[in-house]
Novice: 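Okay, here's the structure, questions in a sec.
Chain naming here is simple, since letters A, B, ... match the order of the sequence lines and numbering starts at 1 in each. Only this structure's heavy atoms are used, side chains among them; waters, hydrogens and symmetry mates stay out.
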Amino acid sequence: MGRFGFVAKRLLQVIPMLFGIVLVVFMVLQVTPGDPARQIAGLRASEEDLEEVRESLGLNDSVLEQYGRYVGNVVQGDLGFSYKSRKPVASIIGDRIGVTIWLMGAGLLLVVLISVPLGVISALRKDRPIDHIIRGLGLVGMSMPAFWTGVILLLLVANTTGWFPSGGFGETFGEKAHHIFLPALTLAIASSPFIIRGLRAEMISVLESDYISTGRSIGVAGSRLVRRFVLRNAAGPGITLIAIEAGFLLFGAVVIETTFALPGLGQGLVIAARGRDLPSVQGK
Amino acid sequence: MTTPPSAAYEGVPPTIEPLEVPIGERGLWRRMPKKVWVGVGIVATYVLVALLAPVIAPYDPLMIDPANSLASPSADHLLGTDQLGRDIFSRLLYAARVDLPIGFLGAFLPAIAGTILGALAGFYGRWVDTVIMRTADVVQAFPAYILVIVLVFALGQGARSIIIAFTVLAWVVYARIIRGEVLRVRDLDYVHAARVAGLRNLRILRVHVFPNVISQTIVYLPSDIVFATLALASFSFLGLGIPPPTAEWGAMIADGQPFITTNWWFATVPGLAIVGLGLGLSLIAEGFEEALRG
């Protein structure tokens with residue numbers, strides 16, 4: 001079997017799970033109030049019109065039939081049409097996913113740029129004033145709701161300096177990077193404290209280990225010791241932490257896209273959920 | 001090392017290091033670092049404000065006064081008024097009555113459920129373990145926020161749905177932590193001794209195993225309350241949490257955002273309220289850890 005066998009088995013297990021998830025989401029959205037036919041036909045539509053819309057969408061079929069049809073279509077790459085905008089869900093997702101990827105990519109980059117130096121300093125200067133300051137800031141950062149941080153950055157940075165736009169997304173690479181900076185910084189402020197904390201703890205335990213003492217005793221210079229021996233050994237768990245955080249970034253992205261009016265997946269999901277737009281929610 | 005509370009909702013079990021001090025040890029409270037007491041003081045203040053809100057608040061938090069909307073802070077309205085002329089200070093106080101209970105329940109209920117299920121899974125093993133832990137896998141397979149959104153829509157918007165959604169999601173983490181701990185304790189000599197002495201399973205679990213694993217739950221709980229509160233505020237901010245007109249910090253921030261350039265305090269102050277509460281709870285969490293991990 002080996003490593004590949006394990007990975008293959010894991011991947012195969014994902015398939016029934018996906019069907020289960022789609023089924024649960026499907027069932028739940030079925031029993032919720034709100035009539036998609038009314039959404040499409042409008043408030044003044046007559047009962048006959050509504051019936052016609054329901055028939056054309058297949059909403060009168062049994063739940064199982066609807067589920068079967070939905071899964072069948074999804075397997076063929078057809079996610080259905082949004083009830084609201086009448087656009088194919090796949091194309092809505094395609095339009096929006098780029099923004100979310102930008103946000104998460106830039107966010108992760110800033111997380112690394114912020115957490116690695118601060119975590120290293122904090123560990124090397126353990127229990128000194130600078131360590132206390134970094135840990136204190138970390139506690140504050142952990143307690144700040146991401147959307148609020150975004151609002152505060154808009155207030156303090158975007159409004160006072162005018163260097164950054166307060167919302168939307170651009171066309172060219174430069175414009176995009178310009179628009180994504182504050183949202184990505186918001187994301188980084190929310191996530192970095194956890195990484196800093198983990199990296200600090202990891203580095204401290206490495207610093208206390210015997211081979212570092214040995215390194216010191218044979219005269220390896222401080223900065224070289226940190227780079228070659230400490231950081232390299234503390235990096236593994238740090239990377240695991242960042243990978244865990246990447247999952248969290250996705251939720252952060254939903255909220256932050258709303259704050260900064262970024263047309264990404266998260267914002268689309270929230271809009272769809274508010275409007276009971278079944279196919280759009282399921283697609284995401 | 002702690003794991004981000006956020007991981008709870010992404011289904012990643014926190015790394016567990018064995019606690020060095022049993023929870024019942026004498027003098028433990030006296031050895032609690034000072035930061036725990038600072039944190040307890042902060043949280044107690046919030047609880048007091050929530051309890052006394054009807055007495056302290058100068059206005060009815062729902063009373064609208066369109067003629068006096070978006071007023072600046074003054075002697076009449078300490079923090080000014082919102083877009084409907086409601087007193088922001090009163091709403092801020094009353095919101096504590098919404099955010100605190102939901103944040104606490106949204107962390108306590110999963111903690112209780114997860115601790116019990118994790119202990120059962122670890123202690124009895126076999127099919128009990130399989131059923132409980134595979135259920136945990138399924139819950140983890142969902143993207144957390146989608147599950148919350150779907151549940152809230154199924155159960156109707158409101159406090160009850162949010163608490164149920166958090167419970168359905170977050171028990172998994174506690175179950176994993178406690179299961180691991182029980183597996184460690186289960187094979188220790190004193191448990192075998194209790195077995196040899198003829199004690200029944202349930203009694204061994206309750207009297208000999210449980211007290212030795214419960215501290216893991218207690219260490220993790222305060223950070224989880226922070227996350228439940230932040231999550232509640234986030235969902236309300238998105239318009240998927242507590243429906244208006246109820247005063248809630250996240251919803252107040254959403255109300256205030258459009259007026260950030262003119263009435264900056266409107267969106268800022270409710271956020272500070274959340275940060276303060278989170279800071280108090282984080283201090284407690286850090287202190288617990290220092291005291292219990294020795």
Novice: With A:L139 as reference, evaluate B:L279, B:V275, B:L281, B:V226 under the side-chain contact (heavy atoms from CB on, under 4.5 Å) test and give the passing residue.
Specialist: B:L279
Novice: Kindly indicate whether the side chain of B:F237, heavy atoms from C-beta on, has any atom under 4.5 Å from the side chain of A:P145.
Specialist: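 Heavy-atom side-chain distance check fails, nothing below 4.5 Å.
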Novice: For side chain to side chain contact (heavy atoms under 4.5 Å, CB included), just list the numbers for A:M144 and B:I274, CA-CA rounded to whole Å, side-chain angles, deciding distance to a tenth of an Å, and then say yes or no.
Specialist: CA-CA 7 Å; A:M144 299 201 302; B:I274 298 175; over 6 Å; no
Novice: Given a strict heavy-atom distance threshold of 4.5 Å, which part of A:R200 is in contact with chain B: side chain, backbone, both, or neither?
Specialist: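 Neither part; nothing is under 4.5 Å.
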Novice: Output the distance between atom CD (B:E286) and atom CE (A:M142), rounded to the nearest 0.5 Å.
Specialist: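 That separation rounds to 6.5 Å.
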Novice: Any idea which heavy atoms bring A:S143 and B:S282 closest together, and the distance?
Specialist: OG-OG, 3.8 Å
Novice: Would you compute the distance between atom OG1 of B:T268 and atom CG of A:L156 and round it to the nearest 0.5 angstrom?
Specialist: 8.0 Å
Novice: Give a yes or no answer on whether the side chain of B:W264 reaches the backbone of A:L155 with a donor-acceptor pair at less than 3.5 Å.
Specialist: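 No; zero donor-acceptor contacts below 3.5 Å.
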Novice: Taking B:Q257 for the side chain and A:V151 for the main chain, is one N or O donor matched with an acceptor at less than 3.5 Å?
Specialist: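 No, the answer is negative, given that no donor and acceptor are paired below the 3.5 Å cut-off.
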Novice: Is a side-chain donor or acceptor of A:W148 paired with a backbone partner of B:A267 at a separation under 3.5 angstrom?
Specialist: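 Confirmed, A:W148 side chain pairs with B:A267 backbone.
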